[in-house]
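Notes follow once the structure below has been shown.
Everything quoted here is computed from the prediction, not taken from an experiment.
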Amino acid sequence: MRQPGGAPSIRFDAALTLIDEWTILRLPATASKEMPSRGQVAVQGTINGHEFRTVLEPDGDFGHWMRIDAEQQKTAAVSAGDTAMVEIEPVKEWPEPGVPEDFATVLEAAPQPIKELWRAITPMARWEWVRWINATNNPKTRQRRIEVSISKMEDGKRRPCCFNLAGCTDPQLSRNGKLIEPSTGPKHDR
């Protein structure tokens with residue numbers, strides 16, 4: 001699983017754990033150290049031999065993690081509490097992010113130059129905009145971030161600024177920019 005001219009694959013075993021109601025896989029420190037960035041990293045790989053492509057999230061402590069959704073758990077025959085065999089390698093081609101409905105609606109209604117800028121920026125830059133908007137549970141803050149995003153793009157800005165790219169920004173899974181510790185509560189496969 002090596003891209004032409006690419007770095008060798010990184011292999012490791014990792015336990016799937018729960019944080020709140022999400023099943024995640026945290027990379028061992030040795031694997032995270034081999035990543036090209038302390039922030040998000042696009043990777044391709046296998047979990048128990050089953051292929052996937054994703055963007056690793058930073059844990060705010062120089063490491064990385066990824067969600068393992070119900071479909072991946074079923075395909076790889078793993079669930080929270082199990083250990084999986086993982087092989088990954090960073091890739092240059094980033095997948096498109098899922099653009100939240102509220103932001104997508106505003107982008108669709110935006111003036112043509114903003115739409116063109118959105119199409120012209122890299123998928124990595126689009127991930128950063130989405131990540132910044134999603135980094136809050138507060139509806140008013142979220143709405144304000146969407147407005148600020150459009151305003152910045154109107155000024156030609158290609159990326160958001162002023163947030164820690166190496167911090168864990170998922171508000172359901174982080175506290176003070178760090179991935180919270182896994183729970184031992186009941187399992188939910190989301």
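Scanning all heavy atoms of the two residues, the minimum distance from Trp129 to Arg159 falls at CZ2-C, 3.3 Å. Smallest separation of non-hydrogen atoms from Asp13 and Pro28: O-CG, 3.9 Å. Nearest approach of Leu165 to Arg131, heavy atoms of both residues: O-NH1, 3.0 Å. A pairwise comparison of heavy atoms in Ser174 and Cys168 identifies OG-O, 3.2 Å as the closest pair. Counting all heavy atoms, side chain and backbone alike, Pro123 lies closest to Glu96 at CG-OE2, 3.4 Å. Minimum heavy-atom separation, Asn134 to Pro171: O-CD, 3.2 Å.
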Could you walk me through whether Gln72 and Asp69 pass side-chain contact (heavy atoms from CB on, under 4.5 Å), step by step?
CA-CA 5 Å; Gln72 285 177 305; Asp69 66 24; 3.4 Å; yes
For Trp94 and Thr122: C-alpha separation, side-chain torsions, deciding distance, then whether side-chain contact (heavy atoms from CB on, under 4.5 Å) applies.
CA-CA 8 Å; Trp94 281 57; Thr122 65; over 6 Å; no
Evaluation steps, side-chain contact (heavy atoms from CB on, under 4.5 Å), between Leu179 and Ile24:
CA-CA 11 Å; Leu179 186 68; Ile24 69 153; 3.8 Å; yes
Take Lys115 and Leu107 through the test side-chain contact (heavy atoms from CB on, under 4.5 Å) and record every step on the way to the result.
CA-CA 7 Å; Lys115 291 177 187 177; Leu107 280 171; 6.0 Å; no
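Within the model, atoms CZ of Arg145 and CG of Asn138 stand 9.0 Å from one another, a figure rounded to the nearest 0.5 Å. To the nearest 0.5 Å, the span separating CH2 on Trp127 from CD on Glu57 amounts to 6.5 Å. Of the inter-residue distances, the one linking Thr75 atom OG1 with Ile47 atom CD1 reads 10.0 Å to the nearest 0.5 angstrom. Interatomic distance, OG of Ser149 versus NZ of Lys152, reported as 8.5 Å (0.5 Å rounding). One finds the CZ atom of Arg53 at 5.0 Å from the CD atom of Gln44 (value rounded to the nearest 0.5 Å).
Side chain of Trp65 to main chain of Leu56: no donor-acceptor pair is present (N/O by atom type, distance under 3.5 Å, no hydrogens or angles). Listed for the His64 side chain is a donor-acceptor partner under 3.5 Å among the backbone atoms of Ser37. Distance alone, capped at 3.5 Å, is enough to place a donor-acceptor pair between the Gln73 side chain and the Ile68 backbone. Between the side chain of Arg126 and the main chain of Ile121, a donor-acceptor pair closer than 3.5 Å is present.
Contact check for Pro95 versus Val55: side-chain heavy atoms found under the 4.5 Å cut-off. Between Pro160 and Glu128 there is a side-chain heavy-atom pair separated by less than 4.5 Å.
In this structure, Asp155 places its CG atom where more than 12 heavy-atom neighbours from other residues, nucleotides or ligands lie under 6.0 Å away. Counting non-hydrogen atoms of neighbouring residues, nucleotides and ligands closer than 6.0 angstrom, the CZ atom of Phe62 reaches no more than 12 such neighbours. Counting non-hydrogen atoms of neighbouring residues, nucleotides and ligands closer than 6.0 angstrom, the CD atom of Gln112 exceeds 12 such neighbours.
A salt bridge links Glu147 with Arg144: the distance from a Lys NZ or Arg NE/NH1/NH2 to an Asp or Glu carboxylate oxygen falls below 4.0 Å.
Between Ile88 and the choices Met35, Glu34, Met66, the side-chain contact (heavy atoms from CB on, under 4.5 Å) rule is met once, by Met35. The residue from Arg67, Arg175, Lys178 that alone fulfils the salt bridge (charged side-chain N to carboxylate O under 4.0 Å, His left out) condition with Asp170 is Arg67.
At a threshold of 4.5 Å between side-chain heavy atoms, the hydrophobic network of Ile, Leu, Val, Met, Phe, Trp and Tyr places Ile146 and Phe163 in one connected group. One hydrophobic cluster holds both Trp132 and Ile114 under the rule that ILVMFWY side chains link at heavy-atom gaps under 4.5 Å. Side-chain heavy atoms closer than 4.5 Å link hydrophobic residues (I, L, V, M, F, W, Y) into clusters, and following such links, possibly through other members, connects Phe52 to Phe12. Note on Val43 and Leu16: same hydrophobic cluster, where clusters join Ile, Leu, Val, Met, Phe, Trp and Tyr whose side-chain heavy atoms are under 4.5 Å apart, directly or indirectly. Ile133 and Val130 fall within the same hydrophobic cluster, where Ile, Leu, Val, Met, Phe, Trp and Tyr residues are linked whenever their side-chain heavy atoms come under 4.5 Å apart, directly or through other members.
With no hydrogens or angles considered, a side-chain donor-acceptor pair links Gln172 and Trp22 at under 3.5 Å.
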